[in-house]
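Have a look at the structure below, then the notes.
Just so you know, these numbers use all the heavy atoms, side chains as well, and skip hydrogens, waters and symmetry mates. Here the structure is a predicted model, which is why all the values come from computation and not from measurement. Note that the numbering runs from 1 along the sequence shown for the chain.
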Amino acid sequence: MKIPLLFFAAAAAFSLGAADFDLGNYIRSRCRAGEREIVLPDGELRCRGTVELGREFRDLTIRGGRNTTLVCTNLVDLFYLNGCSRVTMRDFTVDYDPLPFTQGTITAIDRAKKVIRYRLHAGYPRLEKRYLVHHPLFFGKQTRTMKYDRIWSHCRDNRMLSPEEGELQMVQIQPNLEVGDFVVLNYRPGCIMKIRGMSDSLKFENLTFYSSPGGGIFARRTRGRHEIRNCRMVRGPRPAEASEERLLSLSADGINYATSRQGPLIEGNEIAFIGDDSVNLHGSPLRVVRREKESFLAVVGYRPTEYTELIQPGDEMRLLAKENFAVLGTARVRKVEIAEDLPGLDRKLFGLAQPPPEYITYRITVDGPLPEPGTLVDFPAINSPGFLIRNNYFHDHRARGLRIMAYRGLIENNRIERLENAAISIGPEYAYWQEGGWVNGVTVRGNRIEAVGLNGSAYSRFGYSLGAICTFVRNEGRAVFYPGNRNVRIEDNLIRNCTLAGIYLLASDGATVRGNTIIDVNRGTAPGIGGNYGIRYEAVPIGTFCAENSTIHDNEVKP
């Protein structure tokens, strides 16, 4: 009897038992057999990750069967989409075992010594090095949501006392934290969907993510419209033999696109209880290290080679000033090529947040003025432009809802609730994170926002995104603000119960604010809000600072 090839492939995939399903081999074998829609087996599939889909994977759908759940047994990226095109992922669930976080109950608080002691919940990972992080998340024992106060908790050290018990040494402790409240310690080295290599026109539909050792969908250096529809990034079921329900879902951002030729379509999703922003769209400015006759050398961390394909002849390049990142001039790209590395460069040139272990050097030839060494340049065409974010529900998580540094986009009919910081912030993080850039032509319309900016850090002297919906820039120090965010429209939104302004325009030019309803805002009280950056904040429903040519009319304000 002749036995089909796919029988042997399926047998090989399962040959090591349920704990070792070979997901990569299963997909590759069916692709080689000519299948354009690959259906995953039913039920729970325990796999090791990472599954790479390279340039040979095109015009392909990978979908779940009946109740398909992929459980990754290593804390690594589950999928690495590296140059694939027109691939659709749909109809399956992702979880991790072990979980990329652990959680416990606060058993003692010594405010004089600034020490918090905790004991882990049964059924969650025991303490080891990867969980001894310095960014604990605190949850209320009654609400089981993230707990905030006007003074925010800031951790200096996390020490293991036993596999079940640990101690946090704090810089400061929020006043409302109590014995019996919960703590989460999350590990974040990767993501579920890692996208690189100029991957083109991908779709993610009807996916559920219960946990991740980092983010959900993280893309760098892509092209074409990527679509993320009807996905849920939410807390998963209680683990076997666990004493408490889960407190966290993903450890970092839900959706993060950077240095992409086109921004994504994000529609009909729910993102909740994650460890960072729901959506972050940005570009990556390049640091100039040498000036030549008609070209210059710039460096990029982590040695990505796609910039020769990513930045195209004719693209606009902006020359940015130091400190306030004013646009000093523009040029047109003629050529981008990989150059010989310059030895001994300070890794902090690539951003203070996470200096990379290695870098690559590019020679960029332009028509127009050349930038000075030590400055940044950015390229609007790769700042994830043309995005669309509509009809989503973002709630109950750390950081901001939408952190938008991309241009020419629409944010429409979203519901955003109970966040640590701003609901929608529009503008660049050139300093520290070295993410860009200046925004032009973004419309924010018909969104419903409630109870955001809850943590004291949002309305402190360190704050710079100072409204539920706001334009902003992160400068270096107290540099004079440049109005680089252009032609932003904020209209017909409902905003209520927020600690800061309903709408705040910082570093903007030509913004329109009309038809918004703002109820019960500026509930946060602290001296010198934004003062660390030289902002003079006034507690008004719609505020402005260094904002030029603004049109503000027909907005309704209620107490």
Side-chain angles (χ1 to χ4, degrees), residues 43-44 46 67-73 75 92-109 116-128 130-133 135-148 153 158 163-166 168 174 176-188 192 207-216 231-254 269-276 278 393-399 415 417-420 451 454-455:
E44 181 178 294
R46 299 178 68 84
N67 300 320
T68 298
T69 299
L70 303 177
V71 179
C72 191
T73 57
L75 297 181
F92 59 84
T93 296
V94 175
D95 207 351
Y96 279 76
D97 184 13
L99 285 170
F101 68 90
T102 191
Q103 63 181 55
T105 296
I106 295 173
T107 57
I109 300 176
I116 298 171
R117 184 166 289 190
Y118 60 89
R119 176 172 288 276
L120 298 184
H121 295 153
Y124 288 86
R126 302 296 87 185
L127 282 179
E128 55 179 294
R130 62 188 173 193
Y131 298 113
L132 294 173
V133 297
H135 51 266
L137 303 174
F138 297 111
F139 290 71
K141 59 185 175 183
Q142 300 298 331
T143 65
R144 306 185 69 85
T145 59
M146 293 184 186
K147 194 168 190 178
Y148 305 115
S153 293
N158 188 356
E164 291 78 30
E165 192 173 18
L168 300 170
Q174 61 199 74
N176 67 350
L177 199 66
E178 301 173 326
V179 170
D181 284 338
F182 301 136
V183 61
V184 168
L185 308 170
N186 61 326
Y187 178 62
R188 41 196 296 183
I192 295 173
L207 301 177
T208 298
F209 298 162
Y210 285 145
S211 63
S212 167
C231 295
R232 300 176 68 242
M233 305 179 193
V234 296
R235 295 191 283 202
R238 181 186 295 203
E241 302 181 4
S243 59
E244 296 282 349
E245 300 288 346
R246 298 192 205 192
L247 296 168
L248 192 71
S249 59
L250 280 57
S251 292
D253 294 356
N269 306 285
E270 180 183 4
I271 301 179
F273 298 102
I274 61 174
D276 219 317
S278 273
Y393 184 27
F394 307 122
H395 64 101
D396 296 286
H397 65 74
R398 184 183 164 272
R415 184 177 163 200
E417 299 173 343
R418 296 178 299 280
L419 303 186
E420 178 186 37
L454 298 178
N455 202 21

Do any N or O atoms from the side chain of [X] and from the backbone of [Y] form a donor-acceptor pair under 3.5 angstrom?
X      : Y      : result
Asn67  : Gly43  : no
Ser249 : Phe273 : yes
Glu420 : Ala399 : yes
Arg398 : Gly275 : yes

Determine whether [X] and [Y] make a side-chain contact, defined as any pair of heavy atoms from C-beta on separated by less than 4.5 Å.
X      : Y      : result
Leu248 : Leu137 : yes
Pro163 : Leu127 : no
Pro136 : Val184 : no
Thr93  : Phe209 : no
Val183 : Gln103 : no
Lys147 : Glu178 : yes
Asp181 : Phe139 : no
Arg246 : Leu99  : yes

For a quick test of reading the model, state the closest non-hydrogen atom pair linking [X] to [Y] and the distance between them.
X      : Y      : value
Ile274 : Asp253 : CD1-C, 4.3 Å
Gly123 : Pro239 : O-CB, 3.8 Å
Ser278 : His397 : OG-NE2, 2.8 Å
Val133 : Asn158 : O-ND2, 3.0 Å
Thr107 : Val179 : O-CG1, 3.7 Å
Lys141 : Arg144 : O-CG, 4.3 Å

Would you call Arg126 and Glu128 a salt bridge, using N to O less than 4.0 angstrom?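 Result for this pair is no, no salt bridge flagged.
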
Among side-chain atoms of [X] and [Y], is any donor-acceptor pair under 3.5 angstrom?
X      : Y      : result
His121 : Glu244 : no
Thr145 : Asp396 : no
Ser153 : Gln174 : yes
Asn186 : His135 : yes

Show your working on side-chain contact (heavy atoms from CB on, under 4.5 Å) between Met233 and Glu270 and close with a plain yes or no. CA-CA 6 Å; Met233 305 179 193; Glu270 180 183 4; over 6 Å; no

Please report the interatomic distance [atom1]([X]) to [atom2]([Y]), rounded to the nearest 0.5 Å.
X      : Y      : atom1 : atom2 : result
Tyr210 : Asp95  : OH    : CG    : 8.0 Å
Tyr187 : Ser211 : OH    : OG    : 14.0 Å
Arg238 : Tyr124 : CZ    : OH    : 7.0 Å
Leu454 : Glu417 : CG    : CD    : 11.0 Å
Glu164 : Arg119 : CD    : CZ    : 6.5 Å
Phe182 : Thr143 : CZ    : OG1   : 9.0 Å

List the steps and the verdict of side-chain contact (heavy atoms from CB on, under 4.5 Å) for Val94 and Thr208. CA-CA 6 Å; Val94 175; Thr208 298; over 6 Å; no

Quick check on side-chain contact (heavy atoms from CB on, under 4.5 Å): which of Thr102, Leu75, Leu185 does Arg130 satisfy it with?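 The single option meeting the side-chain contact (heavy atoms from CB on, under 4.5 Å) with Arg130 is Leu75.
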
Tell me whether Asn176 at atom CG has more than 12 heavy atoms from other residues, nucleotides or ligands lying less than 6.0 Å away.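 Check passes, neighbour count above 12.
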
From CA spacing to verdict: side-chain contact (heavy atoms from CB on, under 4.5 Å), Phe138, Leu247: CA-CA 10 Å; Phe138 297 111; Leu247 296 168; over 6 Å; no

Walk me through it: do Leu207 and Phe92 pass the test side-chain contact (heavy atoms from CB on, under 4.5 Å)? CA-CA 5 Å; Leu207 301 177; Phe92 59 84; 3.7 Å; yes

